[in-house]
Each structure stands twice: as structure tokens, then as C-alpha cells.
*Asks:* 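What follows is a single structure, and I will ask about it in a moment.
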Amino acid sequence: MNYVSTRGRAPALSFEDTMLSGLARDGGLYVPETVPQMPAAEIRALHGLSYEETAFRVMRPFVGDTFSDGTFGDLIEKAYAGFGHGARAPMVELAPGHFLLELFHGPTLAFKDFAMQLIGQLFEEALTRRGERVTIVGATSGDTGSAAIEAFRGLDAVDVFILYPHGRVSEVQRRQMTTPSEANVHAVAIDGHFDDAQARLKDMFADDTFRDGVRLAAVNSINWARVLAQVVYYFSAAVSLGAPDRKVSFTVPTGNFGDIFAGSIAKSMGLPIERLVIATNQNDILDRAMRSGDYRTEGVAPSISPSMDIQVSSNFERALFDAYGRDGAAVAQLMDELKSGGGFHVSQGALEALRERFDSGRASEEETSAAIARAHAEMGELICPHTAIGVKVAEEQRDPAVPMVTLATAHPAKFPDAVEAATGIRPALPERMANLFDLEERITRAPNDLSALQDLIQERIRT
Ligand SMILES: *Cc1c(COP(=O)(O)O)cnc(C)c1O
């Protein structure tokens with residue numbers, strides 16, 4: 001199983017090298033050369049299996065010979081052992097035929113733990129075997145950073161630097177990043193937005209000398225292994241609702257397009273998904289692009305769903321690659337236009353291909369709060385603002401004949417201010433992390449400047 005770049009000018013890599021490098025050298029993102037198929041009988045056979053066993057069967061064909069079956073199974077077991085729910089990704093029925101897939105039972109209370117906890121295990125195993133070390137640099141709007149620090153803290157083969165926008169993450173998110181005391185983890189508050197952090201990360205990857213010098217690796221949602229780990233819960237959810245013998249739709253609160261692209265891979269593998277609905281907040285570049293064909297950045301307007309305050313949606317490039325018939329040169333051209341002119345126009349054919357696979361909707365700040373209040377008043381459920389965006393869009397767009405699953409991407413206690421403002425109730429942190437507010441914080445401030453960030457990393461890494 002090999003992986004190719006969405007820009008067509010980087011060498012094809014194995015799963016192991018794809019995972020360890022993150023971004024391709026031509027600036028593109030790696031995707032599988034062909035998507036393995038899962039026949040209906042194999043999907044049916046997932047009924048009643050544990051989450052871990054489902055994960056093994058869904059991901060195995062993508063991993064090639066990077067890990068033996070036994071090792072891969074053990075790493076999956078370890079990855080999910082720290083979750084606070086035996087089902088890992090349980091579902092609750094919010095309204096008749098409308099389900100919430102609870103992806104927030106991991107150690108940092110957001111869905112990103114599903115991928116990050118697994119990646120931590122896979123990196124440690126692969127690097128130890130190779131006798132190598134890497135420097136992981138990540139950009140976060142809050143949840144990726146805490147999930148990465150939690151997954152990599154204390155590992156010998158890895159130093160981790162997480163760039164987050166100063167003052168634009170919630171206090172729980174910040175404390176989850178700044179309180180781990182291990183010497184290999186560094187939370188760096190930069191002066192700027194998430195898009196600035198992500199842009200500096202991409203600049204570091206484009207600087208070959210720096211990239212090779214510190215052995216840079218990325219665990220942002222552009223890392224293929226993260227997308228892969230997220231494919232699993234589309235299977236577990238759909239199977240529990242009757243797949244492959246019944247179709248299911250999903251609505252996904254979307255920022256960087258990683259989570260919903262995982263759903264698209266599940267569909268390409270053969271999972272009978274009826275609709276995949278993109279739900280955005282007021283930073284709605286994806287919804288606008290799907291409606292008009294014009295993908296154009298505007299300024300980021302901070303919202304009560306900060307993990308979706310994104311304008312450049314990196315993983316959308318993977319969907320574009322498919323929509324353009326896997327023409328890497330065409331994708332490279334679009335990305336050049338994005339960089340130089342702030343946007344591009346999607347061709348009519350590609351737009352039709354995108355619309356065939358994805359629907360989209362958005363929620364304003366008021367609509368988000370109203371959805372939080374409604375879920376509480378009508379169903380007694382406290383939901384986080386990101387989840388609320390999904391719920392609002394799902395309610396608008398769902399076909400009553402097809403079960404709809406909305407991804408509940410974070411625990412309400414991770415965003416207590418927004419939940420309290422909408423419902424009057426301040427959601428409590430789960431017992432196992434109740435001491436978060438007592439721990440000491442370690443914060444590094446840095447300017448939104450490439451060479452300053454590179455110097456900081458070079459000074460701090462252990463060699
Ligand atoms: C990261 C995140 C999202 C957006 O996910 P993408 O994969 O970037 O689309 C939505 N909700 C929460 C809580 C998140 O942490």
C-alpha cells in the first residue's frame with residue numbers, strides 16, 4: 001500500500017514514511033494510491049465487535065507491512081485503554097432517528113484523542129525500531145494541541161512543540177497544553193490566529209534545511225494516519241445502526257476538513273453512507289465554496305466554537321484531488337492561486353463531484369447558542385458549541401427516512417462558558433481531570449515569525 005501526494009510531484013511513500021513525514025515535499029498531502037474496499041459481508045461481520053477489533057479490521061489494509069498484525073493490534077489496544085467509556089465512541093439518540101456520536105471520552109475530551117492516542121503509539125513503535133527521533137511541530141486551534149501533548153508527553157524519541165493562537169483558546173484547552181511538566185513538551189503561544197500558526201508550520205516544512213536538521217514531523221490533521229484513525233468510528237456507528245443493510249448519513253462539525261474527509265474515505269471503502277454534511281460556524285469558507293464554487297479566504301472572526309475558527313481548510317485539498325480526477329498539477333495550480341491571491345474558483349466538473357459527495361450548511365453564533373439551549377430544554381443533553389453547529393445543520397438538512405448521526409466532537413465541559421451562557425448550567429469536568437485548575441502552567445510566548453520560532457525549537461530540542 002503506497003501513498004501519493006495531492007500535488008503529484010513528491011515520491012510515493014509507504015504507510016510508515018507517510019505517517020512519519022506528515023506533509024509531502026511538494027507541499028501536498030498524502031492520500032492512498034487506491035482505497036481498499038470492504039465488501040458488505042466484511043462490514044456485516046463487524047456487528048458486535050469491540051471498538052478495538054473494528055479499528056483493527058478497518059485500518060489493517062492501509063498499514064501494509066509497517067506493523068505485524070500482532071503489534072498493530074497491541075498498539076490499538078494501548079491507544080484506547082485510557083478512554084473513559086468502554087464503548088469508546090458511544091451513541092445517544094437526540095431525537096427520533098437523529099443520533100449523537102460521542103467522541104469526547106478520551107483523555108482531552110475531544111475527538112482528536114481518537115487519532116492522536118493511536119499516533120503516539122505508532123510513532124513510538126516505529127521510531128524505536130528505527131533508532132531515530134523526531135521533532136513534532138503542530139499548530140492548533142486548541143484541541144489538536146492538547147491531544148498531541150497528551151499523546152506524546154514523556155516519550156523518548158519525540159520532542160513536541162505546539163503553536164496556538166494567544167488568547168484564542170479556552171482555559172481548559174490552554175491548561176491541558178500548559179500543565180504537563182515533561183521536558184519534551186512545549187506549548188508556544190503565538191501572536192496571531194490559528195491560520196498564522198498553521199502558515200508558520202507550513203513554512204517550516206517548506207524549509208528543507210530546517211526540516212531535515214531537526215527531523216520535523218507533523219501530526220496536524222494533514223497527517224494521513226490521523227485521518228485513517230477517524231475512519232473507524234464511521235464504521236462502528238453505521239454498523240450499530242444497521243449498515244451495510246441500512247444507509248446512514250453523517251453531519252460533521254468541520255474546520256480543517258480532516259474528520260469529514262475520514263467519512264469520505266469510509267464511503268469510498270464501501271460503507272453505505274447516504275449523505276456527508278459539512279457543518280461550519282460563521283467562518284464558513286467551506287459552505288460558501290460548496291454553494292458558489294468560489295473558495296476564498298476572508299478574515300477569521302473568533303467564535304464560541306474556536307476549534308472551527310479556520311479559513312484555510314487544509315484537508316479540503318484531499319477532496320479537491322479526487323474531484324479533479326487525481327490531477328496533481330491542477331491541485332498545485334489551485335494552491336498557488338490560494339497563496340498568491342487568497343482564493344480560487346473550483347471548475348464546474350469538480351464542483352459537481354464535490355456536491356455529489358458532500359452537502360453543507362452553517363450556523364451563526366446565535367443559531368449555535370439556540371441549538372445548545374434546545375438540546376438541553378428538549379432532550380436534557382448538554383452539548384458543546386461545535387456539536388451544536390452539527391445539530392443545527394443536521395436538523396435542517398436531514399431526510400427523515402435515513403438515520404442521521406451528528407458527530408459530538410467535544411465534551412461540553414471543554415467549552416463551559418458558551419454552554420453556561422446558553423443553558424444557565426456550567427458543565428463539570430469529568431472526575432478524572434478535576435485537578436486541572438490546580439496544576440502549574442508553563443507557557444512560552446513567541447511572535448508570529450518564522451525564524452524566531454525556528455530558533456526557539458532549535459534551542460529546546462534534546463539531541
Ligand atoms: C478540531 C475540531 C473540529 C474540526 O475538525 P476538523 O477535522 O478540523 O474538521 C470540530 N470540533 C472540535 C471540538 C474540534 O476539536
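Note that ligands are numbered from 1 as they come in the structure, with each ligand's atoms numbered from 1 the same way. Since the structure is predicted, the reported quantities are computational estimates derived from the model, not experimental observations.
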*Asks:* Assign the ring pair Tyr3 / Trp224 to parallel, tilted or perpendicular, where the plane angle (0 to 90°) is split at 30° and 60°.
*Replies:*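 The arrangement is tilted - the two ring planes meet at 30° to 60°.
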*Asks:* Does CD in Gln37 sit with more than 12 non-hydrogen atoms of other residues, nucleotides or ligands closer than 6.0 Å?
*Replies:*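 Correct, the count exceeds 12.
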*Asks:* State, yes or no, whether a side-chain contact exists between Val137 and Met204 at a heavy-atom distance under 4.5 Å.
*Replies:*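 Val137 reaches Met204 side chain to side chain.
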*Asks:* Can you name the residues that form a side chain to side chain donor-acceptor pair (under 3.5 Å) with His186, not counting sequence neighbours?
*Replies:*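 With sequence neighbours excluded, His186 shows a side chain to side chain donor-acceptor pair (under 3.5 Å) to Arg460, given in chain and number order.
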*Asks:* Compare all side-chain heavy atoms of Ser303 with those of Glu365 and state whether any distance is below 4.5 angstrom.
*Replies:*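 In contact.
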*Asks:* Note every protein N or O atom lying under 3.5 Å from an N or O atom of ligand 1, pairing the names and giving the distance.
*Replies:*
from     : atom 1 : to     : atom 2 : distance (Å)
ligand 1 : 7 (O)  : Gly258 : N      : 3.3
ligand 1 : 7 (O)  : Asp259 : N      : 3.0
ligand 1 : 8 (O)  : Asn256 : N      : 2.7
ligand 1 : 9 (O)  : Gly255 : N      : 2.8
ligand 1 : 9 (O)  : Asn256 : N      : 3.2
ligand 1 : 9 (O)  : Phe257 : N      : 3.1
ligand 1 : 11 (N) : Thr409 : OG1    : 2.9
ligand 1 : 15 (O) : Lys112 : NZ     : 2.5
ligand 1 : 15 (O) : Asp143 : OD2    : 2.4

*Asks:* Can you say whether the rings of Tyr51 and Tyr80 are parallel (under 30°), tilted (30 to 60°) or perpendicular (over 60°)?
*Replies:*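 It falls in the perpendicular class, over 60°.
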